[in-house]
Participant: 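Mind looking over this structure? Questions follow.
Indexing begins at 1, ligand by ligand and atom by atom, following the structure's order. By convention here, the first residue in the shown sequence is residue 1. As the structure is a prediction and not an experimental result, all values here were calculated from the model.
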Amino acid sequence: MSTEEYNLRDIKGIGPVMAERLREAGLTTVEAVAVMPAKQLAELIGVSEDKAMQIAQAARELLGLSFMTAEEYYQKRQKIGFISTGCSALDNLLGGGIETQAITEFVGEYGSGKTQLCHQLSIMVQLPRDEGGLEGKALYIDTEGTFRPERIVQIAQYRGLDPTTVLRNVIYARAYNSDHQMLLAEEATKLVEKENVRLIIVDSLVSHFRSEYPGREQLAVRQQRINRHIHQLLRLADIYNIAVVVTNQVMSQPDIFFGNPMKPAGGNVVAHGSTYRVWLRKSKNNKRIARIFDSPKHPESEAVFAITEEGIVDVEEGKSSRSRSRIVRVRTEG
Ligand code: GTP
Ligand code: MG
(Lines give C-alpha, C1' and ligand atoms only; values in the text may rest on other atoms or scores of the structure.)
(Ligands and ions follow the chains in the order given, each with its own letter.)
Protein backbone atom coordinates (compact mmCIF):
# COMPACT_ATOMS: atom_id res chain seq x y z
CA MET A 1 0.00 0.00 0.00
CA SER A 2 1.41 3.41 -0.91
CA THR A 3 1.68 5.73 2.05
CA GLU A 4 1.57 8.75 -0.26
CA GLU A 5 -2.19 8.20 -0.57
CA TYR A 6 -2.92 9.47 2.92
CA ASN A 7 -2.36 12.74 4.67
CA LEU A 8 -2.36 13.62 8.35
CA ARG A 9 -6.05 14.59 8.36
CA ASP A 10 -6.95 11.02 7.43
CA ILE A 11 -5.76 9.82 10.84
CA LYS A 12 -8.76 9.19 13.09
CA GLY A 13 -9.12 12.03 15.61
CA ILE A 14 -6.74 14.45 13.88
CA GLY A 15 -8.27 17.84 13.10
CA PRO A 16 -6.67 20.82 11.34
CA VAL A 17 -5.04 22.20 14.50
CA MET A 18 -3.41 18.91 15.49
CA ALA A 19 -2.38 18.26 11.88
CA GLU A 20 -0.58 21.62 11.86
CA ARG A 21 1.16 20.81 15.16
CA LEU A 22 2.36 17.50 13.76
CA ARG A 23 3.67 19.21 10.65
CA GLU A 24 5.48 21.82 12.71
CA ALA A 25 7.10 19.03 14.70
CA GLY A 26 8.44 17.60 11.46
CA LEU A 27 5.91 14.79 11.20
CA THR A 28 4.60 15.52 7.74
CA THR A 29 3.45 12.03 6.85
CA VAL A 30 1.15 9.42 8.36
CA GLU A 31 4.06 7.01 8.30
CA ALA A 32 6.25 9.31 10.42
CA VAL A 33 3.48 9.54 13.03
CA ALA A 34 2.91 5.79 12.94
CA VAL A 35 6.49 4.93 13.87
CA MET A 36 7.13 7.65 16.48
CA PRO A 37 7.37 6.39 20.08
CA ALA A 38 4.45 7.76 22.14
CA LYS A 39 6.69 9.44 24.71
CA GLN A 40 8.60 11.35 22.03
CA LEU A 41 5.42 12.16 20.12
CA ALA A 42 3.83 13.52 23.30
CA GLU A 43 6.81 15.84 23.86
CA LEU A 44 6.89 17.01 20.27
CA ILE A 45 3.25 18.02 19.98
CA GLY A 46 2.47 18.82 23.61
CA VAL A 47 -0.18 16.21 24.44
CA SER A 48 -0.40 13.50 27.10
CA GLU A 49 1.34 10.23 26.51
CA ASP A 50 -2.02 8.41 26.37
CA LYS A 51 -3.26 10.76 23.70
CA ALA A 52 -0.01 10.34 21.75
CA MET A 53 -0.36 6.58 21.93
CA GLN A 54 -3.91 6.83 20.52
CA ILE A 55 -2.73 9.02 17.65
CA ALA A 56 0.17 6.73 16.75
CA GLN A 57 -2.09 3.68 16.91
CA ALA A 58 -4.68 5.36 14.65
CA ALA A 59 -1.90 6.17 12.16
CA ARG A 60 -0.72 2.57 12.17
CA GLU A 61 -4.27 1.28 11.63
CA LEU A 62 -4.70 3.64 8.71
CA LEU A 63 -1.58 2.25 7.05
CA GLY A 64 -2.36 -1.35 7.93
CA LEU A 65 1.06 -1.24 9.53
CA SER A 66 0.44 -3.04 12.78
CA PHE A 67 2.00 -6.29 11.64
CA MET A 68 3.93 -7.67 8.76
CA THR A 69 5.04 -11.26 8.66
CA ALA A 70 8.61 -11.97 9.61
CA GLU A 71 9.01 -13.26 6.08
CA GLU A 72 8.00 -9.90 4.60
CA TYR A 73 10.37 -8.11 6.91
CA TYR A 74 13.09 -10.62 6.09
CA GLN A 75 12.60 -10.02 2.38
CA LYS A 76 12.88 -6.27 2.87
CA ARG A 77 16.10 -6.73 4.79
CA GLN A 78 17.48 -9.09 2.15
CA LYS A 79 17.61 -6.08 -0.17
CA ILE A 80 20.05 -4.17 2.08
CA GLY A 81 23.14 -3.23 0.08
CA PHE A 82 26.63 -2.32 1.29
CA ILE A 83 29.06 0.34 0.13
CA SER A 84 32.70 -0.38 0.86
CA THR A 85 34.59 2.48 2.48
CA GLY A 86 37.70 1.46 0.53
CA CYS A 87 39.41 0.55 3.79
CA SER A 88 39.02 -3.06 4.93
CA ALA A 89 39.49 -2.27 8.63
CA LEU A 90 36.59 0.20 8.47
CA ASP A 91 34.46 -2.20 6.41
CA ASN A 92 35.00 -4.93 9.00
CA LEU A 93 34.10 -2.54 11.80
CA LEU A 94 30.85 -1.70 10.00
CA GLY A 95 30.06 -5.35 9.28
CA GLY A 96 30.61 -5.09 5.53
CA GLY A 97 30.45 -1.38 4.77
CA ILE A 98 27.87 1.39 4.77
CA GLU A 99 24.34 -0.06 4.71
CA THR A 100 21.32 0.98 2.71
CA GLN A 101 17.97 1.43 4.53
CA ALA A 102 19.95 3.13 7.31
CA ILE A 103 21.53 6.38 8.42
CA THR A 104 25.21 6.07 9.31
CA GLU A 105 26.57 8.97 11.33
CA PHE A 106 30.25 9.88 11.60
CA VAL A 107 30.97 11.98 14.67
CA GLY A 108 34.27 13.63 15.46
CA GLU A 109 36.22 16.78 16.16
CA TYR A 110 37.70 18.98 13.42
CA GLY A 111 40.19 17.21 11.20
CA SER A 112 39.07 13.75 12.29
CA GLY A 113 38.35 12.77 8.69
CA LYS A 114 34.56 13.08 8.37
CA THR A 115 34.64 15.13 5.18
CA GLN A 116 37.41 13.01 3.67
CA LEU A 117 35.30 9.91 4.25
CA CYS A 118 32.32 11.59 2.56
CA HIS A 119 34.47 12.34 -0.50
CA GLN A 120 35.67 8.76 -0.66
CA LEU A 121 32.17 7.26 -0.27
CA SER A 122 30.78 9.41 -3.08
CA ILE A 123 33.28 7.58 -5.32
CA MET A 124 32.95 4.09 -3.80
CA VAL A 125 29.16 3.97 -4.33
CA GLN A 126 29.75 4.20 -8.09
CA LEU A 127 31.84 1.03 -8.31
CA PRO A 128 30.46 -2.27 -9.59
CA ARG A 129 28.96 -4.48 -6.89
CA ASP A 130 31.84 -6.94 -6.92
CA GLU A 131 34.20 -4.02 -6.29
CA GLY A 132 32.26 -2.85 -3.25
CA GLY A 133 29.91 -0.30 -4.82
CA LEU A 134 26.22 -0.12 -5.68
CA GLU A 135 26.60 1.06 -9.29
CA GLY A 136 24.84 4.28 -8.42
CA LYS A 137 25.38 7.99 -7.98
CA ALA A 138 26.01 10.04 -4.87
CA LEU A 139 24.04 13.08 -3.84
CA TYR A 140 26.21 15.37 -1.77
CA ILE A 141 24.65 18.06 0.45
CA ASP A 142 27.45 20.30 1.70
CA THR A 143 26.51 22.65 4.54
CA GLU A 144 30.00 23.90 5.35
CA GLY A 145 31.46 24.59 1.91
CA THR A 146 34.20 21.98 2.32
CA PHE A 147 33.45 19.77 -0.71
CA ARG A 148 36.43 19.74 -3.12
CA PRO A 149 35.97 18.23 -6.59
CA GLU A 150 39.78 18.25 -6.93
CA ARG A 151 39.94 15.73 -4.12
CA ILE A 152 37.41 13.53 -5.95
CA VAL A 153 39.66 13.63 -9.03
CA GLN A 154 42.70 12.68 -6.95
CA ILE A 155 41.05 9.70 -5.25
CA ALA A 156 39.39 8.55 -8.50
CA GLN A 157 42.74 8.57 -10.30
CA TYR A 158 44.35 6.55 -7.56
CA ARG A 159 41.59 3.95 -7.94
CA GLY A 160 42.05 3.73 -11.70
CA LEU A 161 38.73 5.44 -12.43
CA ASP A 162 38.00 8.01 -15.09
CA PRO A 163 37.81 11.27 -13.12
CA THR A 164 35.33 12.95 -15.47
CA THR A 165 32.83 10.09 -15.21
CA VAL A 166 33.26 9.97 -11.45
CA LEU A 167 32.67 13.73 -11.14
CA ARG A 168 29.51 13.50 -13.23
CA ASN A 169 28.14 10.87 -10.87
CA VAL A 170 28.34 13.12 -7.83
CA ILE A 171 25.35 15.44 -7.68
CA TYR A 172 26.37 18.36 -5.53
CA ALA A 173 24.49 21.09 -3.67
CA ARG A 174 25.67 23.65 -1.19
CA ALA A 175 23.08 24.23 1.56
CA TYR A 176 23.21 27.84 2.70
CA ASN A 177 20.95 27.55 5.74
CA SER A 178 18.79 24.96 7.49
CA ASP A 179 15.67 25.79 5.44
CA HIS A 180 17.67 25.31 2.28
CA GLN A 181 19.13 22.07 3.63
CA MET A 182 15.63 20.67 4.26
CA LEU A 183 14.44 21.85 0.88
CA LEU A 184 17.34 20.01 -0.76
CA ALA A 185 16.43 16.82 1.08
CA GLU A 186 12.87 17.24 -0.21
CA GLU A 187 14.14 17.77 -3.77
CA ALA A 188 16.28 14.66 -3.42
CA THR A 189 13.09 12.58 -3.55
CA LYS A 190 12.68 13.57 -7.20
CA LEU A 191 16.30 12.82 -8.09
CA VAL A 192 16.81 9.48 -6.42
CA GLU A 193 15.00 7.31 -8.95
CA LYS A 194 15.62 9.47 -12.01
CA GLU A 195 19.37 9.63 -11.44
CA ASN A 196 19.87 6.25 -9.76
CA VAL A 197 21.19 7.83 -6.57
CA ARG A 198 22.26 5.14 -4.06
CA LEU A 199 23.96 7.32 -1.45
CA ILE A 200 22.97 10.63 0.11
CA ILE A 201 25.60 12.52 2.10
CA VAL A 202 24.88 15.40 4.46
CA ASP A 203 28.10 17.05 5.66
CA SER A 204 27.29 18.22 8.28
CA LEU A 205 23.88 17.40 9.67
CA VAL A 206 23.24 19.94 12.42
CA SER A 207 25.69 22.84 12.04
CA HIS A 208 23.16 25.21 10.42
CA PHE A 209 20.49 24.32 12.97
CA ARG A 210 22.91 24.95 15.84
CA SER A 211 23.97 28.37 14.60
CA GLU A 212 20.45 29.48 13.67
CA TYR A 213 18.82 28.39 16.94
CA PRO A 214 21.34 29.15 19.67
CA GLY A 215 20.55 29.14 23.36
CA ARG A 216 18.22 27.24 25.62
CA GLU A 217 15.06 29.16 24.66
CA GLN A 218 15.31 27.92 21.10
CA LEU A 219 16.30 24.38 21.94
CA ALA A 220 12.82 22.87 21.51
CA VAL A 221 12.28 24.42 18.08
CA ARG A 222 15.76 23.49 16.96
CA GLN A 223 15.31 19.87 18.02
CA GLN A 224 11.93 19.66 16.29
CA ARG A 225 13.44 20.89 13.06
CA ILE A 226 16.41 18.53 13.26
CA ASN A 227 13.96 15.72 13.95
CA ARG A 228 12.00 16.65 10.87
CA HIS A 229 15.15 16.68 8.75
CA ILE A 230 16.29 13.28 10.02
CA HIS A 231 12.89 11.82 9.24
CA GLN A 232 13.13 13.13 5.70
CA LEU A 233 16.43 11.28 5.38
CA LEU A 234 15.19 8.10 7.05
CA ARG A 235 12.23 7.97 4.70
CA LEU A 236 14.51 8.30 1.69
CA ALA A 237 16.75 5.51 3.00
CA ASP A 238 13.82 3.25 3.74
CA ILE A 239 11.60 3.79 0.72
CA TYR A 240 14.32 3.83 -1.95
CA ASN A 241 16.70 1.35 -0.30
CA ILE A 242 19.58 3.83 -0.34
CA ALA A 243 22.39 4.63 2.10
CA VAL A 244 22.43 7.90 4.02
CA VAL A 245 25.67 9.14 5.56
CA VAL A 246 25.72 12.18 7.82
CA THR A 247 28.51 13.85 9.74
CA ASN A 248 28.18 15.42 13.14
CA GLN A 249 30.27 17.68 15.31
CA VAL A 250 31.20 17.07 18.91
CA MET A 251 30.57 19.52 21.69
CA SER A 252 32.12 19.70 25.12
CA GLN A 253 30.13 19.06 28.26
CA PRO A 254 31.64 21.37 30.83
CA ASP A 255 29.96 19.56 33.72
CA ILE A 256 31.63 16.20 33.04
CA PHE A 257 34.71 15.52 35.19
CA PHE A 258 35.16 11.82 34.54
CA GLY A 259 35.07 9.97 31.24
CA ASN A 260 34.71 11.57 27.83
CA PRO A 261 33.94 15.29 28.14
CA MET A 262 32.85 15.43 24.48
CA LYS A 263 29.47 14.36 23.14
CA PRO A 264 27.85 14.39 19.70
CA ALA A 265 25.79 17.49 18.86
CA GLY A 266 22.06 17.16 18.23
CA GLY A 267 21.13 15.36 21.45
CA ASN A 268 18.58 12.57 21.62
CA VAL A 269 16.96 13.42 18.32
CA VAL A 270 20.13 12.60 16.39
CA ALA A 271 20.97 9.69 18.71
CA HIS A 272 17.60 8.07 18.02
CA GLY A 273 17.55 8.97 14.34
CA SER A 274 20.92 7.51 13.35
CA THR A 275 20.94 3.78 12.79
CA TYR A 276 24.70 3.45 13.22
CA ARG A 277 27.01 5.92 14.96
CA VAL A 278 30.76 5.94 14.44
CA TRP A 279 33.10 8.11 16.47
CA LEU A 280 36.29 9.24 14.71
CA ARG A 281 39.27 10.51 16.63
CA LYS A 282 42.77 11.59 15.76
CA SER A 283 45.76 9.41 16.44
CA LYS A 284 49.42 9.85 15.47
CA ASN A 285 50.13 11.77 12.24
CA ASN A 286 47.62 10.81 9.59
CA LYS A 287 46.17 7.90 11.55
CA ARG A 288 42.59 7.94 12.75
CA ILE A 289 40.62 5.63 15.05
CA ALA A 290 36.99 4.78 14.38
CA ARG A 291 34.79 3.38 17.12
CA ILE A 292 31.25 2.17 16.61
CA PHE A 293 28.87 3.04 19.43
CA ASP A 294 25.12 2.88 20.07
CA SER A 295 24.69 0.17 17.46
CA PRO A 296 21.94 -2.44 17.62
CA LYS A 297 24.05 -5.06 15.88
CA HIS A 298 27.75 -4.30 16.27
CA PRO A 299 29.81 -5.00 19.38
CA GLU A 300 31.64 -1.86 20.51
CA SER A 301 34.93 -2.13 18.71
CA GLU A 302 37.56 0.00 17.00
CA ALA A 303 39.39 0.20 13.69
CA VAL A 304 42.40 2.23 12.59
CA PHE A 305 42.68 3.93 9.21
CA ALA A 306 44.85 6.58 7.60
CA ILE A 307 44.15 9.68 5.52
CA THR A 308 46.63 9.88 2.64
CA GLU A 309 46.88 11.36 -0.85
CA GLU A 310 44.99 8.26 -2.00
CA GLY A 311 42.08 8.86 0.34
CA ILE A 312 40.96 6.75 3.30
CA VAL A 313 43.19 3.67 3.44
CA ASP A 314 44.23 0.78 5.66
CA VAL A 315 47.19 1.45 7.90
CA GLU A 316 48.92 -1.92 7.58
CA GLU A 317 49.59 -1.73 3.88
CA GLY A 318 49.75 2.03 3.84
CA LYS A 319 47.44 1.78 0.90
CA SER A 320 43.88 0.85 0.14
CA SER A 321 42.37 -2.59 -0.30
CA ARG A 322 41.97 -2.00 -4.05
CA SER A 323 44.84 -2.36 -6.46
CA ARG A 324 46.22 0.84 -7.90
CA SER A 325 46.83 -0.53 -11.36
CA ARG A 326 43.45 -2.10 -12.03
CA ILE A 327 41.16 -0.21 -14.36
CA VAL A 328 37.61 -0.31 -13.06
CA ARG A 329 34.73 0.74 -15.23
CA VAL A 330 32.11 2.91 -13.63
CA ARG A 331 28.58 2.68 -14.87
CA THR A 332 25.74 3.98 -12.80
CA GLU A 333 22.85 4.10 -15.23
CA GLY A 334 19.98 2.05 -13.82
P1 GTP B 1 35.67 19.36 10.38
O2 GTP B 1 34.77 19.42 9.18
O3 GTP B 1 36.53 20.55 10.51
O4 GTP B 1 34.93 19.05 11.65
O5 GTP B 1 36.71 18.15 10.17
P6 GTP B 1 36.55 16.79 9.38
O7 GTP B 1 36.36 15.69 10.34
O8 GTP B 1 35.59 16.91 8.26
O9 GTP B 1 38.02 16.61 8.81
P10 GTP B 1 38.46 16.34 7.32
O11 GTP B 1 37.79 15.17 6.75
O12 GTP B 1 38.39 17.61 6.58
O13 GTP B 1 39.95 15.85 7.59
C14 GTP B 1 40.97 16.67 7.43
C15 GTP B 1 42.21 15.82 7.48
O16 GTP B 1 42.39 15.17 6.22
C17 GTP B 1 43.39 16.70 7.71
O18 GTP B 1 44.22 16.07 8.66
C19 GTP B 1 44.07 16.76 6.37
O20 GTP B 1 45.43 16.82 6.54
C21 GTP B 1 43.65 15.47 5.71
N22 GTP B 1 43.56 15.68 4.25
C23 GTP B 1 42.65 16.39 3.59
N24 GTP B 1 42.89 16.40 2.28
C25 GTP B 1 44.01 15.68 2.10
C26 GTP B 1 44.80 15.33 0.96
O27 GTP B 1 44.50 15.71 -0.16
N28 GTP B 1 45.88 14.56 1.19
C29 GTP B 1 46.23 14.13 2.41
N30 GTP B 1 47.30 13.36 2.57
N31 GTP B 1 45.51 14.43 3.51
C32 GTP B 1 44.42 15.22 3.36
MG1 MG C 1 34.40 18.45 7.55
Participant: Got the closest protein heavy atom to atom 4 (O) of ligand 1, with its distance?
Facilitator: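 Of the protein heavy atoms, Lys114 NZ, 2.8 Å lies nearest.
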Participant: Considering the heavy atoms of Tyr110, write down every atom of ligand 1 situated less than 4.0 Å from one of them.
Facilitator: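 Per the distance check, 1 (P), 3 (O), 4 (O), 5 (O).
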Participant: Would you indicate whether the side-chain heavy atoms of Arg23 and Leu27 approach each other to under 4.5 Å?
Facilitator: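 No. Closest side-chain heavy atoms not under 4.5 Å.
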Participant: Atom 31 (N) of ligand 1: which protein heavy atom is closest, and how many Å away?
Facilitator: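 Among all protein heavy atoms, the one nearest atom 31 (N) of ligand 1 is Ile307 CG2, 3.9 Å.
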Participant: So which of Glu310, Lys282, Glu144, Arg288 gets nearest to atom 17 (C) of ligand 1, if we judge by its closest heavy atom?
Facilitator: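 Checking each option, the heavy atom nearest atom 17 (C) of ligand 1 is found in Arg288.
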Participant: Check the pair Arg291 / Glu300 against salt bridge (charged side-chain N to carboxylate O under 4.0 Å, His left out), numbers first and verdict last.
Facilitator: CA-CA 7 Å; Arg291 182 169 61 88; Glu300 266 210 29; 3.1 Å; yes
Participant: Under 3.5 Å, is there a donor-acceptor pair linking the side chains of Gln154 and Glu150?
Facilitator: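 No - no donor-acceptor pair under 3.5 Å links their side chains.
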Participant: Could you tell me whether ligand 1 has any atom less than 4.0 Å away from a heavy atom of Arg148?
Facilitator: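 Per 4.0 Å heavy-atom rule, Arg148 does not contact ligand 1.
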Participant: Which residue and atom name correspond to the protein heavy atom nearest atom 28 (N) of ligand 1, and how close is it?
Facilitator: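 The protein heavy atom lying closest is Glu309 OE2, 3.2 Å.
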Participant: For ligand 1 and Gly113, I'd like to know whether there is a polar contact (N/O to N/O, distance under 3.5 Å).
Facilitator: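 Indeed, backbone or side chain, Gly113 has an N or O that close.
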Participant: Would Thr146 count as a contact of ligand 1 if the rule is a heavy atom under 4.0 Å away?
Facilitator: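 It does not, in that no heavy atom of Thr146 comes within the 4.0 Å cut-off of ligand 1.
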Participant: Is it the side chain, the backbone, both or neither of Gln249 that has a heavy atom closer than 4.0 Å to ligand 1?
Facilitator: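 The answer is neither; Gln249 stays 4.0 Å or more away.
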Participant: Just checking, is any N or O donor in the side chain of Ser204 or Glu144 under 3.5 Å from an acceptor N or O on the other one?
Facilitator: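 Yes, Glu144 and Ser204 have a side-chain donor paired with an acceptor closer than 3.5 Å.
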Participant: Should Ser283 and Val304 be marked as a side-chain contact (heavy atoms from CB on, under 4.5 Å) after you check the CA-CA gap, both sets of side-chain angles, and the distance that decides it?
Facilitator: CA-CA 9 Å; Ser283 182; Val304 186; 5.8 Å; no
Participant: At what distance is the nearest protein heavy atom to atom 14 (C) of ligand 1, and which residue and atom is it?
Facilitator: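 Of every protein heavy atom, Gly111 CA, 3.9 Å lies nearest to atom 14 (C) of ligand 1.
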Participant: Evaluate the criterion side-chain contact (heavy atoms from CB on, under 4.5 Å) for residue pair Gln126 and Val166; output intermediate values, then yes/no.
Facilitator: CA-CA 8 Å; Gln126 302 180 30; Val166 170; 3.7 Å; yes
Participant: Assess whether side-chain hydrogen bond (donor to acceptor under 3.5 Å, both in side chains) is satisfied between Glu99 and Tyr276, documenting all intermediate values.
Facilitator: CA-CA 9 Å; Glu99 278 184 28; Tyr276 303 121; 3.0 Å; yes
Participant: Is it true that the side chains of Asp238 and Gln101 contain a donor and an acceptor less than 3.5 Å apart?
Facilitator: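 Result is no, nothing qualifies.
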Participant: Please state whether the rings of His119 and Phe147 are parallel, tilted or perpendicular, taking 30° and 60° as the class boundaries.
Facilitator: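 The arrangement is parallel - the two ring planes meet at less than 30°.
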Participant: Would you say His119 touches ligand 1, if touching means a heavy atom closer than 4.0 Å?
Facilitator: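 False for this residue.
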Participant: Find all atoms of ligand 1 within a distance of less than 4.0 Å from any non-hydrogen atom belonging to Arg151, and give their numbers and elements.
Facilitator: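 Counting from 1, the qualifying ligand atoms are 24 (N), 25 (C), 26 (C), 27 (O), 28 (N).
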Participant: Decide, counting backbone as well as side-chain atoms, whether Thr115 has an N, O or S atom less than 2.8 Å from the Mg ion (ligand 2).
Facilitator: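 It does: Thr115 brings an N, O or S atom closer than 2.8 Å to the Mg ion (ligand 2).
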Participant: Looking at atom 19 (C) of ligand 1, would you say a protein heavy atom lies below 4.0 Å from it?
Facilitator: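 No.
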Participant: Tell me whether Gly108 has any N or O atom under 3.5 angstrom from an N or O of ligand 1.
Facilitator: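 The answer is no, given that Gly108 and ligand 1 share no N or O pair closer than 3.5 Å.
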Participant: Can you tell me if Ser178 and Glu212 form a side-chain donor-acceptor pair at under 3.5 Å?
Facilitator: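 Note: Ser178 and Glu212 side chains meet the donor-acceptor criterion.
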Participant: What part of Glu150, side chain from CB on, backbone N/CA/C/O, both or neither, has a heavy atom under 4.0 Å from ligand 1?
Facilitator: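 For Glu150, there is no contact with ligand 1 at all, from either part.
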Participant: If you apply the rule side-chain contact (heavy atoms from CB on, under 4.5 Å), what do you find for Leu94 with Thr85, and how did you get there?
Facilitator: CA-CA 9 Å; Leu94 291 163; Thr85 60; 3.8 Å; yes
Participant: Which of the numbered atoms in ligand 1 are below 4.0 angstrom from a heavy atom of Gln154?
Facilitator: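 Those of ligand 1 that fall under 4.0 Å from Gln154 are 27 (O).
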Participant: Residue-level breakdown please: for Thr115 versus ligand 1, do any non-hydrogen atoms fall below 4.0 Å on the side chain, on the backbone, on both, or on neither?
Facilitator: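 Both backbone and side chain.
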Participant: So if I apply the side-chain hydrogen bond (donor to acceptor under 3.5 Å, both in side chains) rule between Gln249 and each of Glu109, Lys114, Arg210, which one comes out positive?
Facilitator: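 The single option meeting the side-chain hydrogen bond (donor to acceptor under 3.5 Å, both in side chains) with Gln249 is Arg210.
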Participant: What is the closest protein heavy atom to atom 23 (C) of ligand 1, and at what distance does it sit?
Facilitator: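 I find the closest protein heavy atom is Gln116 NE2, 3.1 Å.
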